[in-house]
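For reference, the structure is listed below as structure tokens.
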Amino acid sequence: MAEKKFTRDELAKYNGDGERPHYMAIDGLVYDITDAPKKGISIKKLMEVVFGRSKEKDEILKKLTVVGKLAD
């Protein structure tokens with residue numbers, strides 16, 4: 001299966017509204033964060049990863065599913 005590439009506009013559609021999953025790009029990879037709270041990952045922890053302030057970045061990202069890459 002080909003790897004999915006997301007434009008920023010397309011990624012913005014995956015915001016968790018309705019039945020849509022919630023995706024977030026981190027370091028060029030697109031992660032499904034829909035069930036992050038069920039996996040023990042708070043919004044605060046996600047934001048620390050995004051802004052480079054997390055000491056647990058690798059452990060947090062291992063818990064999330066990569067669904068594609070951010071297109072340049």
Side-chain angles (χ1 to χ4, degrees):
M1 183 168 80
E3 186 172 81
K4 174 75 174 153
K5 294 207 180 213
F6 293 86
T7 64
R8 291 181 189 279
D9 288 338
E10 185 178 14
L11 181 60
K13 295 176 185 175
Y14 292 90
N15 58 10
D17 285 347
E19 297 296 317
R20 288 187 185 258
H22 196 172
Y23 293 170
M24 178 182 278
I26 302 171
D27 296 335
L29 294 177
V30 177
Y31 293 87
D32 184 342
I33 64 166
T34 307
D35 293 329
K38 292 179 184 176
K39 296 176 180 180
I41 305 168
S42 67
I43 297 300
K44 178 184 177 192
K45 285 184 179 184
L46 283 173
M47 292 300 100
E48 288 172 347
V49 168
V50 170
F51 292 108
R53 296 186 178 130
S54 176
K55 295 179 182 176
E56 306 172 77
K57 178 179 179 178
D58 293 335
E59 293 81 22
I60 291 169
L61 293 180
K62 284 180 190 176
K63 294 179 182 180
L64 300 172
T65 303
V66 176
V67 293
K69 287 187 175 182
L70 189 61
D72 292 332

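Everything numeric here is computed off the predicted structure, so don't read it as measured data. For reference, positions follow the sequence shown, starting with 1.
Put simply, the side chain of K39 reaches to within 4.5 Å of the side chain of T65, judged on heavy atoms.
Residues V50 and L64 share a hydrophobic cluster, clusters being chains of Ile/Leu/Val/Met/Phe/Trp/Tyr side chains in contact below 4.5 Å. Both M24 and V66 are part of a single hydrophobic cluster, where members link through side-chain heavy atoms under 4.5 Å apart. Y14 and L70 fall within the same hydrophobic cluster, defined by Ile, Leu, Val, Met, Phe, Trp and Tyr side-chain heavy atoms under 4.5 Å apart, directly or through other members. Two different hydrophobic clusters hold Y23 and I43 under the rule that ILVMFWY side chains link at heavy-atom gaps under 4.5 Å.
Residues E59 and K55 approach most closely at OE1-O, 4.0 Å, considering heavy atoms. Minimum heavy-atom separation, F6 to E10: CA-OE1, 3.7 Å. Residue K45 comes nearest to G40 through the heavy atom pair NZ-O, 3.9 Å, listed as atom of the first residue, atom of the second, then distance. The nearest pair of heavy atoms linking A71 to K5 is CB-CB, 4.4 Å.
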Return a table of donor-acceptor pairs under 3.5 angstrom between the side chains of residues 25-32 and protein atoms on other chains or two or more places apart.
from	atom 1	to	atom 2	distance (Å)
D27	OD2	K57	NZ	2.3
D32	OD1	T34	N	2.9
D32	OD1	T34	OG1	2.5

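To the nearest 0.5 Å, the span separating CG on L46 from CD on E48 amounts to 9.5 Å. Taking CG of L61 as the start and CD1 of I41 as the end, the distance is 8.0 Å to the nearest 0.5 Å.
With a 6.0 Å radius and a threshold of 12 heavy atoms from other residues, nucleotides or ligands, K13 has its NZ atom at or below the threshold.
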